[in-house]
K.L.:
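Here it is, the structure, as structure tokens.
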Amino acid sequence: MLAALALLLSLLLLLHAQIPNRLAGLGSLVETFLPWFGLFIPVLLAGALWRRSAAAVAALLVPALVWLNLFGGLLADKSHAGGDITVVSHNVGAANPDPAGTARDLAATGADLLALEEITAQAQPVYEKELAEAYPHHTVQGTVGLWSKLPLADTAPVDIKMDAGPLAETKPDEVTMGYTRALRATVTTDRGPLAVYVAHLGSVRVMPRGGFWTDSRDRNAEALAKAVAAEQNERMVVLGDLNGTMDDRAFDGLTARLHSAHDEAGAGFGFSWPAAFPVARIDHILVRGVEAESARVLSTTGSDHLPVKAALSW
């Protein structure tokens, strides 16, 4: 039985993309926590040793090798010194009790670009005041914003198909702006223009009857992928809380065109949520046309997410 469980675990890791989502979103749920399935390996190994089963121990080599093939690269530190520009992304949290402190923490990172998500109308003036000295350029579109030490141009909201509720077309701009959760801007650097997207995709929920609900997130991810596909600038960065891991099939449209800075130049799994005990990397820095030199998760602020930082070069 232990050998059979080991082989089933191998199949789950290998064929996770074939688990159907129509079964209460099971496929995306598994993919969200896919690295954690490696914990079953030592559990099964303990059982195999207790039973003194050589066959079970041998069978466990299969899921161990599969897991290492999928995630072993994250165990090494792939960071390098240097970088032409540094970027930080942080879901600052709508319920953040200390936005001023969070702003000061972010400014202390020295990043050239700060992407903030989940900005409330009440906290926006606080961030603008606290970040004004270090970041002379900024734009806020709805609940997302970009602060920059470098000039910004062509700032505009990005339509990621947020659901503004019934009769959305009849609502005034000041109301529908609250549903804007993505923006695009061109950053002027001494190496040329850099297209920067900031996005906060829809939340996911575990529903008692519906299972793992990802409809809003998936719709937003598809719309963001289309915007990325249409981007003319060869150098681009996508920053934000995407409410999912890059193992999730919902992001195939993004991963086909962008690379994760953490996967390229990070160390460890880069889990960013929840801040108190991170179990998943849902806050991302994705790049195209630039190289990630280093990437890491930063210390906790007043938010329920951890900030993420990357140094990029080209």
Side-chain angles (χ1 to χ4, degrees), residues 83-153 155-158 174 177-189 194 196-201 203 237-243 261-262 270-278 281-286 294-312:
D84 297 307
I85 191 171
T86 55
V87 299
V88 165
S89 178
H90 189 29
N91 179 324
V92 293
N96 191 326
D98 185 18
T102 294
R104 290 192 291 269
D105 289 342
L106 294 175
T109 67
D112 298 293
L113 301 175
L114 292 179
L116 275 57
E117 305 90 45
E118 209 166 285
I119 303 170
T120 64
Q122 295 75 21
Q124 181 178 334
V126 178
Y127 291 116
E128 291 176 331
K129 176 183 177 181
E130 296 292 336
L131 297 173
E133 182 176 354
Y135 297 91
H137 312 281
H138 88 281
T139 179
V140 175
Q141 304 288 336
T143 63
V144 296
L146 178 65
W147 275 258
S148 175
K149 295 182 178 181
L150 303 169
L152 299 177
T155 60
V158 175
E174 60 267 24
M177 181 59 74
Y179 294 92
T180 298
R181 289 172 53 159
L183 66 82
R184 182 205 177 277
T186 300
V187 179
T188 302
T189 79
L194 175 70
V196 177
Y197 288 74
V198 182
H200 181 197
L201 304 190
S203 299
V237 181
V238 174
L239 305 157
D241 172 10
L242 304 187
N243 270 310
H262 192 90
F271 296 152
S272 62
W273 178 87
F277 187 80
R281 190 204 314 164
I282 66 174
D283 300 275
H284 299 279
I285 298 173
L286 308 176
S294 62
R296 62 192 181 97
V297 177
L298 302 179
S299 300
T300 184
T301 69
S303 173
D304 59 341
H305 290 244
L306 297 177
V308 292
K309 180 180 182 179
L312 311 176

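What you see is a predicted model; the values in this text were computed from it and never measured.
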K.L.:
I'd like to check Leu150 versus Ile85 (side-chain heavy atoms, cut-off strictly below 4.5 Å). Are they in contact?
P.N.:
yes
K.L.:
Which value, rounded to the nearest 0.5 Å, describes the distance between Leu239 atom CG and Glu117 atom CD?
P.N.:
7.5 Å
K.L.:
Determine, step by step, whether Thr109 and Leu114 satisfy the side-chain contact (heavy atoms from CB on, under 4.5 Å) criterion, reporting the C-alpha distance in whole Å, the side-chain angles of both residues, the deciding distance to 0.1 Å, and the verdict.
P.N.:
CA-CA 9 Å; Thr109 67; Leu114 292 179; 4.1 Å; yes
K.L.:
Taking the side chain as C-beta and beyond, is there a heavy-atom pair between His305 and Ile282 under 4.5 Å?
P.N.:
yes
K.L.:
So, do Val88 and Lys309 sit near enough that their side-chain heavy atoms are less than 4.5 Å apart?
P.N.:
yes
K.L.:
Is there a donor-acceptor pair closer than 3.5 Å between any side-chain N or O of Ser89 and the backbone N or O of Gly240?
P.N.:
yes
K.L.:
Between atom CD of Glu118 and atom CG of Asn96, what is the distance when rounded to the nearest 0.5 Å?
P.N.:
9.5 Å
K.L.:
Between Gly145 and Leu183, what is the shortest heavy-atom contact and its length?
P.N.:
CA-CD2, 3.9 Å
K.L.:
Just how far is it from atom CG of Leu312 to atom CD1 of Ile285, taken to the nearest 0.5 Å?
P.N.:
7.0 Å
K.L.:
Heavy atoms, side chains only, cut-off 4.5 Å: are Asn243 and His200 in contact?
P.N.:
yes
K.L.:
If I compare all heavy atoms of Thr155 with all of Ala185, which pair ends up nearest, and what's the gap?
P.N.:
CG2-CB, 3.7 Å
K.L.:
Could you give me the CA-CA distance, side-chain angles and deciding distance for Leu152 and Thr186, then say whether side-chain contact (heavy atoms from CB on, under 4.5 Å) is met?
P.N.:
CA-CA 6 Å; Leu152 299 177; Thr186 300; over 6 Å; no
K.L.:
Among Leu116, Val308, Asn91, Leu201, exactly one meets side-chain contact (heavy atoms from CB on, under 4.5 Å) together with Asp241. Which residue is that?
P.N.:
Asn91
K.L.:
What are the two closest heavy atoms between Ser303 and Gly93, and how far apart are they?
P.N.:
OG-N, 3.6 Å
K.L.:
Can a donor-acceptor pair be found, under 3.5 Å and without considering hydrogens, that links the side chain of Ser272 to the backbone of Asp283?
P.N.:
yes
K.L.:
Can you name the closest pair of heavy atoms from Ser299 and Leu306 and give their distance?
P.N.:
C-CD2, 4.1 Å
K.L.:
Working to the nearest 0.5 Å, report the span between OH of Tyr135 and NZ of Lys149.
P.N.:
4.5 Å
K.L.:
For the residue pair Pro99 and Val92, establish whether any side-chain heavy-atom pair is separated by less than 4.5 Å.
P.N.:
no
K.L.:
Please find the pair of heavy atoms, one from Ala103 and one from Leu131, that lie closest to each other, and give the distance.
P.N.:
O-CD2, 3.5 Å
K.L.:
Below 4.5 Å, heavy atoms only, C-beta onward: do Asp84 and Asp112 meet side chain to side chain?
P.N.:
no
K.L.:
Distance check, rounded to the nearest 0.5 Å: Leu113 atom CG versus Trp147 atom CH2?
P.N.:
12.5 Å
K.L.:
I need the minimum non-hydrogen distance between Pro125 and Ala121, along with the two atoms involved.
P.N.:
CD-O, 3.3 Å
K.L.:
Looking at CD of Gln124 and OG1 of Thr143, how far apart are the two atoms once the value is rounded to the nearest 0.5 Å?
P.N.:
10.0 Å
K.L.:
Under 3.5 Å, is there a donor-acceptor pair linking the side chains of Thr301 and His90?
P.N.:
yes
